[in-house]
Peer 1: 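Below you'll find the structure I mean.
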Amino acid sequence: MFDYRIKDMQHWQHSSYEPYLPVTEKSNPITRDIDKASPKEIVEMLQKCDAEIFERTSHGNPMYQTLNSSSVVQTIVDVSKRVEVILKDPEDSLIVLSGCGTSGRVAFLLATSLNRWLASQHQKQIYSYIIAGGDKALLTSQETPEDDPLLGALTLGKVCVGKKHVLFIGISCGLSAPFVAGQLDFCLRNLEIFTPVLIGFNPVDMARTEPIQTCSFHFKEVAERMNEMQKQAKGLRAQSSSREAISGSSRMKGGSATKIILETILLAGHEAAYSKKAVTFNGILYSLNMFEKVHQITYSQTKELAALVQKAAISLRKKGHVYYLGWQTLGIIGIIDASECIPTFGAGFEDIRGFVRSGFSEMNNKEGDLSSLGPHFIIDHKDFVDTILPNLSDNDTVIFLYSENDDLNEVSVLAKNVRQRTSNLHAIAHELKGLSDPERMRSHFMTVLTIKWPSSLYKHSPVLMKQYWELSTKWCLNVISTGAHVLIGKVYMNYMIDLRVTNSKLYRRAIHILQRFTGSTQAQCETALLRAIYDVEELSDEMSSTDVTQHTLVANKRGSVVPIALVMLQSRRTIAEAKSYLDAYSVIRDAVAACQRLL
Ligand code: F6P
């Protein structure tokens with residue numbers, strides 16, 4: 001198990017801190033006061049949190065294993081060898097990457113990127129991805145299917161029809177998603193075909209034990225069965241543990257660590273199959289070290305990142321917008337980061353949006369062009385030019401995401417168009433050799449955050465370089481979108497207080513947050529949450545007795561249920577009063593303080 005432990009903070013670090021919570025749900029001491037921090041301090045805090053991914057010591061706690069620990073590295077070696085076998089004999093074989101939310105998006109990115117690479121080498125495309133909720137979930141949060149283990153198993157069964165060997169890699173950062181548990185259970189019952197691998201960031205004894213509807217197992221039971229398999233060298237499992245910078249927001253460290261682990265596994269398998277470079281323990285360690293360098297290089301630009309955080313926050317505060325316009329997969333990273341702000345911070349869909357050159361052709365997703373599904377699925381640069389550009393103003397922040405390998409003339413033309421509407425135009429650009437005319441390129445933008453990549457890092461492998469750029473861009477955008485929402489008061493201490501309560505995990509998380517801040521009992525917090533969800537002062541018997549799934553279906557249609565419940569609990573006010581306090585104060589902490597003053 002990988003473990004991101006905290007130095008110098010004995011109390012927070014101690015396993016007795018928030019003992020009832022799995023590590024992925026615990027709050028991170030580094031960011032305890034992030035809601036009062038300056039842009040520069042926010043970037044420094046997030047830099048430290050992300051650096052924990054690469055920590056080498058488990059501080060003597062045998063329960064936790066770091067990314068570089070020998071058992072984790074050995075597991076990566078084992079899985080990479082399995083990838084090698086499949087690549088060498090691809091007939092009737094498949095590698096399936098699957099997860100919910102960010103975990104599914106990382107699965108999609110890797111599966112499509114590597115299939116594209118295989119096709120370019122005239123090799124059989126052997127990757128497939130599954131995301132709970134289907135392709136819609138790549139761009140919008142579809143959290144309800146995460147609770148459905150049968151749907152998970154069914155989808156996996158369909159993808160694998162006719163295959164004789166399947167390497168299944170299920171990702172659930174919190175070891176919690178029933179959708180993934182259902183798939184692992186399916187694999188464990190069909191071991192003659194499936195080799196199941198579980199990637200997650202909690203020790204097995206912290207895996208979720210909440211009963212899963214319609215199933216005889218819960219996540220922990222499946223994870224324990226996986227453990228047994230590991231002993232018999234059949235099941236392969238990689239795990240780690242991590243406190244997120246914003247508690248529970250696994251889109252950040254969880255997503256980045258998943259990307260690092262998967263890329264390490266899959267690229268090692270590819271090198272072994274096609275370049276005759278055997279998978280070795282030291283080779284894997286070396287690859288992990290290179291990702292640490294990516295972290296250092298990205299975060300060496302603290303000042304520039306802080307400036308972008310500030311710009312984005314000013315735009316959001318002025319009711320303007322932040323737009324990411326990206327090329328190739330950097331554009332997709334932008335779309336993903338933007339879409340995740342809605343469930344994480346209760347952001348509006350228009351607040352931060354991403355666009356990619358060539359839209360769905362670039363996405364290359366299974367279900368094809370989804371643009372007819374509505375505005376959330378309008379993602380092409382052309383759409384930006386047609387629908388957003390005419391109304392763009394200086395209140396909006398526009399950030400271009402490109403690399404030296406993109407068509408820089410095209411980047412310039414679009415930049416000039418945007419400049420006619422706003423000077424608030426910035427770029428995050430990745431360079432290898434350097435541009436022939438850097439000044440001309442720079443002249444289009446107010447600021448350019450240039451990330452220069454030493455050739456020693458990527459060993460002239462374009463695939464590897466692309467993965468580094470993606471991760472680096474993910475880190476930058478996670479910092480910008482998180483930092484901006486923190487600065488406009490959407491985070492309470494380091495908790496995503498305005499989360500959408502759209503599945504059972506988020507329902508439990510919401511109750512915990514209310515307990516954490518009000519000191520009220522679990523029952524009182526649940527009642528307040530339900531009153532906010534159903535928008536009533538008194539719960540009817542039917543409301544109280546119905547199940548969590550029904551509650552989350554209703555919550556899906558309501559905004560700000562956790563802040564409303566928090567204000568009600570803190571001040572003993574009615575729903576209407578709580579709402580009016582929240583309307584009057586954009587900073588949740590201020591709304592709570594104001595109504596407490598009136599008590
Ligand atoms: O339920 C929503 C969510 O928390 C997303 O934010 C997250 O990306 C997804 O679940 C998956 O979580 P996990 O990887 O822990 O299963």
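Just follow the structure's listing: the first ligand is 1, and inside any ligand the first atom is 1. Not measured: the values here are computed from a predicted model. Starting from 1, each residue takes its place in the sequence as its number.
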Peer 1: Pick one of side chain, backbone, both or neither for how Thr344 approaches ligand 1, counting any non-hydrogen atom pair under 4.0 Å.
Peer 2: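 Looking at Thr344 and ligand 1, no heavy atom falls under 4.0 Å.
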Peer 1: Should the ring pair His551 and Tyr507 be called parallel, tilted or perpendicular, given that the plane angle runs from 0 to 90° and is split at 30 and 60?
Peer 2: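 Correct class here is parallel.
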Peer 1: Mind checking whether Lys505 contacts ligand 1 via backbone (N, CA, C, O), side chain (CB onward), both or neither, at a 4.0 Å heavy-atom cut-off?
Peer 2: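 Near ligand 1, Lys505 shows its side chain, while the N, CA, C and O stay back.
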Peer 1: Is Arg251 close to ligand 1, meaning an N/O of one under 3.5 Å from an N/O of the other?
Peer 2: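 No, there is no polar N/O contact under 3.5 Å.
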Peer 1: Using distance alone, determine whether Gly174 and ligand 1 share an N or O pair under 3.5 Å.
Peer 2: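 So ligand 1 has an N or O lying under 3.5 Å from an N or O of Gly174.
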Peer 1: Establish whether atom 3 (C) of ligand 1 and some protein heavy atom are separated by less than 4.0 angstrom.
Peer 2: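 Within 4.0 Å: yes, protein heavy atom nearby.
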Peer 1: Is a salt bridge present between Glu221 and Arg225, judged by a nitrogen-to-oxygen distance below 4.0 Å?
Peer 2: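 Salt bridge between Glu221 and Arg225, a charged N being under 4.0 Å from a carboxylate O: yes.
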Peer 1: What residue and heavy atom of the protein are closest to atom 16 (O) of ligand 1, and at what distance?
Peer 2: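 The answer is Ser172 OG, 2.7 Å.
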Peer 1: Under 3.5 Å between any N/O of Glu143 and any N/O of ligand 1: does that happen in this structure?
Peer 2: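 N/O-N/O distance below 3.5 Å does not exist for this pair.
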Peer 1: I'd like to check whether Cys173 has a polar contact with ligand 1, where a contact means an N/O of the residue lying under 3.5 Å from an N/O of the ligand.
Peer 2: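 Yes, there is a polar N/O contact under 3.5 Å.
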Peer 1: Do Phe194 and Phe186 have ring centroids that are under 6.0 Å from one another?
Peer 2: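 Distance test on ring centres: under 6.0 Å, yes.
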Peer 1: Assign the ring pair Trp475 / Phe54 to parallel, tilted or perpendicular, where the plane angle (0 to 90°) is split at 30° and 60°.
Peer 2: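 Rings of Trp475 and Phe54: perpendicular, over 60°.
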Peer 1: Salt bridge or not between Arg105 and Glu340? Use side-chain N to carboxylate O under 4.0 Å.
Peer 2: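 Between Glu340 and Arg105 there is a salt bridge, with a charged N closer than 4.0 Å to a carboxylate O.
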Peer 1: Determine whether the side chain, the backbone, both or neither of Ser250 has a heavy atom under 4.0 Å from any heavy atom of ligand 1.
Peer 2: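 Side chain only.
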Peer 1: Are side-chain heavy atoms of Leu514 and Leu566 found at a separation under 4.5 Å?
Peer 2: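 The answer is yes, as the side chains (C-beta and beyond) meet within the 4.5 Å cut-off.
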Peer 1: Does an N or O anywhere in Glu146 fall below 3.5 Å from an N or O of ligand 1?
Peer 2: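 It does: an N or O of Glu146 is found under 3.5 Å from an N or O of ligand 1.
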Peer 1: Within the 4.0 Å heavy-atom shell around Asn503, which atoms of ligand 1 are there?
Peer 2: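 Contacts of ligand 1 toward Asn503, numbered from 1: 1 (O).
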Peer 1: Is ligand 1 under 4.0 Å from a heavy atom in the side chain of Leu506, in the backbone, in both, or in neither?
Peer 2: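 Just the side chain.
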Peer 1: Aromatic rings Phe345 and His485: how do their planes relate, parallel, tilted or perpendicular, breaks at 30° and 60°?
Peer 2: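 Ring orientation of Phe345 relative to His485: parallel.
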Peer 1: Is the closest basic N to carboxylate O distance between Asp185 and Arg189 below 4.0 Å?
Peer 2: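 Looking at Asp185 and Arg189, the cut-off is met.
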Peer 1: Is there a donor-acceptor contact under 3.5 Å linking the side chains of Ser176 and Arg508?
Peer 2: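 No, because no side-chain N or O of Ser176 sits under 3.5 Å from a partner of the opposite role on Arg508.
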Peer 1: I'd like to know if atom 6 (O) of ligand 1 has any protein heavy atom within a distance of less than 4.0 Å.
Peer 2: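 No, there is none.
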Peer 1: Is a donor from one side chain sitting under 3.5 angstrom from an acceptor on the other, for Ser504 and Arg208?
Peer 2: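 A pair is found: one side chain offers a donor N or O, the other an acceptor, under 3.5 Å apart.
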Peer 1: Check ligand 1 against Ser103 and write out every atom of the ligand that is under 4.0 Å from a heavy-atom position of the residue.
Peer 2: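 With Ser103 as reference, the close atoms of ligand 1 come out as 14 (O).
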Peer 1: Checking Ser481 against Asp337 for the side-chain hydrogen bond (donor to acceptor under 3.5 Å, both in side chains) test, could you report, in this order, the C-alpha distance in whole Å, the side-chain angles of both residues, the deciding distance, and whether it holds?
Peer 2: CA-CA 8 Å; Ser481 58; Asp337 182 87; 2.9 Å; yes
Peer 1: Do me a favour and list the nearest non-hydrogen protein atom to atom 8 (O) of ligand 1 with residue, atom name and distance?
Peer 2: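 Nearest protein contact, heavy atoms only, for atom 8 (O) of ligand 1 is Thr102 N, 2.8 Å.
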Peer 1: Taking only heavy atoms of Ala177, which atoms of ligand 1 are found under 4.0 Å from at least one of them?
Peer 2: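 This gives 16 (O) as the contact atoms.
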Peer 1: With a heavy-atom distance limit of 4.0 Å, tell me whether Pro343 approaches ligand 1 through its side chain, its backbone, both, or neither.
Peer 2: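 The answer is neither; Pro343 stays 4.0 Å or more away.
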Peer 1: I need the nearest protein heavy-atom contact for atom 11 (C) of ligand 1: residue, atom name and distance, please.
Peer 2: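 Going by distance alone, atom 11 (C) of ligand 1 is nearest to Cys100 O, 3.1 Å.
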